[in-house]
Amino acid sequence: MERILIKDILYKCTAGETVTVCGWVRTRRESKGFAFIVLNDGSSQETLQLVVPGDAPAFGELHRCNTGAAIRAKGILKESPGKGQKFEVEVSEIGVFGDSDPEKYPLQKKGHTLEFLREIGHLRPRTNTYGAVFRLRNILASAVHDFFQSRGFAWVHTPIITASDCEGAGELFSVTSLDLENPPKKEEGSVDFTQDYFGKRAYLTVSGQLEAEFFAMSLGKVYTFGPTFRAEDSNTSRHLSEFWMIEPEMAFADLMDDMRLAEEFFHYLCVAVLEKGESELSFLQNQYKRISLEDLKRLSETSFVHISYSDAIKELENEKKSFEFPVQWGLDLQSEHERYLTDKVFNGPVIVTDYPKDIKAFYMRLNPDEKTVAAMDVLVPKIGEIIGGSQREERLDILEMRMRQTGVPLDNLQWYLDLRRFGSAPHAGFGLGFERMVQYITGMPNIRDVIPCPRAPQTIGF
RNA sequence: UCCCGGGUAGCUCAGUCGGCAGAGCAGGUGGCUGUUAACCACCCUGUCGGGGGUUCGAAUCCCUCCCCGGGAGCCA
């Protein structure tokens, strides 16, 4: 179908050319003798003004060009005498692909709340806001691959269905093909999962990290980028039951290498959206006033502040401000503490390192002080933790000890321990919640507005 | 899951002390020769979130459940 994208008109066409465009009607304004149609085709934030003269053949189709209708318009590109756009199209022909009943179409030309638009998830990408968000999401997804591919990382497709129930990263969704009304039972009454599809219990993955580790211990540098699942009853603007995670893993790397990679990665993503998504960012900035192009530019150039957990605790203890939760070495940093460090003390991203071993996962490498582990969290203003990573424990005896201490069953993870038995090596990696990054960059207040079909407790509408 | 605040027309909201269900926008019709969330006039629009209770009478008071938002926990 011959047509030109609206995003291309500005720099590929000149006044006087005949063009054909396709898209969805945003608004129609009629005067005596002629009409204006504002058209968007999803290719960019831009809309195109169509002018339909009263004597054009297209005028007869005008009554069908209601908000939401899909149309094709052919006409001559002209410099617009009106304010607000450089070009407009003086239309001679209009073809309507799909009508849209204005009494029933839920999107109006006026603004809607994000909460309302969330109820019509299948139509919300047609709005300026969600168009911008999902184009930016795409820019970021593409930049994720560009970054790692250009640095020699291999994309590893870790499984979505897993038998590991001991990764310790939250509640799991079960995967089963058993008849839930009448499952096979063992003699003592519990469900007999040996008769299930896989012959044992299976779950949706909560992380691809453990699998990524054995690929790092063979291909050297790898990353995962795919969906992960948490069955926690979290009802917040920062949590989803299904979200995408990026988990790089590097052999022959320590915590310093890990932090350097995280910072370069973060900078790379900021630069990518500034280069490719400026009009989308500008729109969101004007609309929601949460993050500015200047903020992003500064972020893309600013080194992360590094601070150890122990020093962070001292910093928080020194503040006169009273916190709701106690500040004490050995306790995890609460949201209010993280926000205080990023928003008040350092006014930017902060990497906190070397957390007490008791509040971190079993696979993180024990430091020489035997009290802390080689962990790092990247905290950003407003959102909090966006990246969590560590150098992994590569010493078999210490790893086994840590697993016993933290109650992780060794039986199911012999394959993981094998990596320490055969050619073990220092390695490190981190995880970044993709939606948190999209949320941070777009400035959207709720994470449910940066993923096409948000899944959360009681929420699986689309 | 916990603590607050909400749920009234398609959307955004008002509704006083318990006494006739309201406004703006959207939509419809008409008008207007350059509009930009166009403008002007008129018209249409209701399971007051669901269920139960108190009362002569409930959008309004009480109980309960559901949903949404903000914050917290869990976490990325």
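Sequence lines set the chain letters: A, B, ... in the order given, protein chains first and strands last, and positions in each chain run from 1.
- Counting atom types as modelled, A:Ser234 pairs a side-chain N or O with a base atom of B:C74 as donor and acceptor under 3.5 Å.
- The CZ atom of A:Arg339 sits 11.0 Å away from atom CG of A:Leu379, with the distance rounded to the nearest 0.5 Å.
- You'll find the ring centres of A:Phe225 and A:Trp155 outside the 6.0 Å limit.
- Side-chain to base pairing of A:His112 with B:C11: no donor and acceptor N or O lie closer than 3.5 Å to each other.
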Where do A:Phe134 and A:Arg137 land on the side chain to side chain contact (heavy atoms under 4.5 Å, CB included) test, with the steps shown first? CA-CA 5 Å; A:Phe134 291 120; A:Arg137 185 183 165 106; 4.1 Å; yes
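- Note on A:Gln334: a side-chain N or O is less than 4.0 Å away from OP1 or OP2 of B:G73.
- With B:G69, B:G34, B:C74 as the candidates, the nucleotide lying closest to the side chain of A:Asn446 is B:G69.
- Side-chain N/O atoms of A:Glu232 and base N/O atoms of B:U1 include no donor-acceptor pair closer than 3.5 Å.
- The residues A:Lys221 and A:Glu249 are annotated as not salt-bridged, no charged nitrogen and carboxylate oxygen being separated by less than 4.0 angstrom.
- Interface remark: the A:Gln85 side chain does form a donor-acceptor pair with the B:U35 base, using a distance-only criterion of under 3.5 Å.
- Here A:Arg238 reaches the OP1 or OP2 of B:A72: one of its side-chain N or O atoms lies under 4.0 Å away.
- A close approach under 4.0 Å does occur between a side-chain nitrogen or oxygen of A:Arg29 and OP1 or OP2 of B:A38.
- Taking atom P in both B:G28 and B:C44, one finds a spacing of 16 Å when rounded to whole Å.
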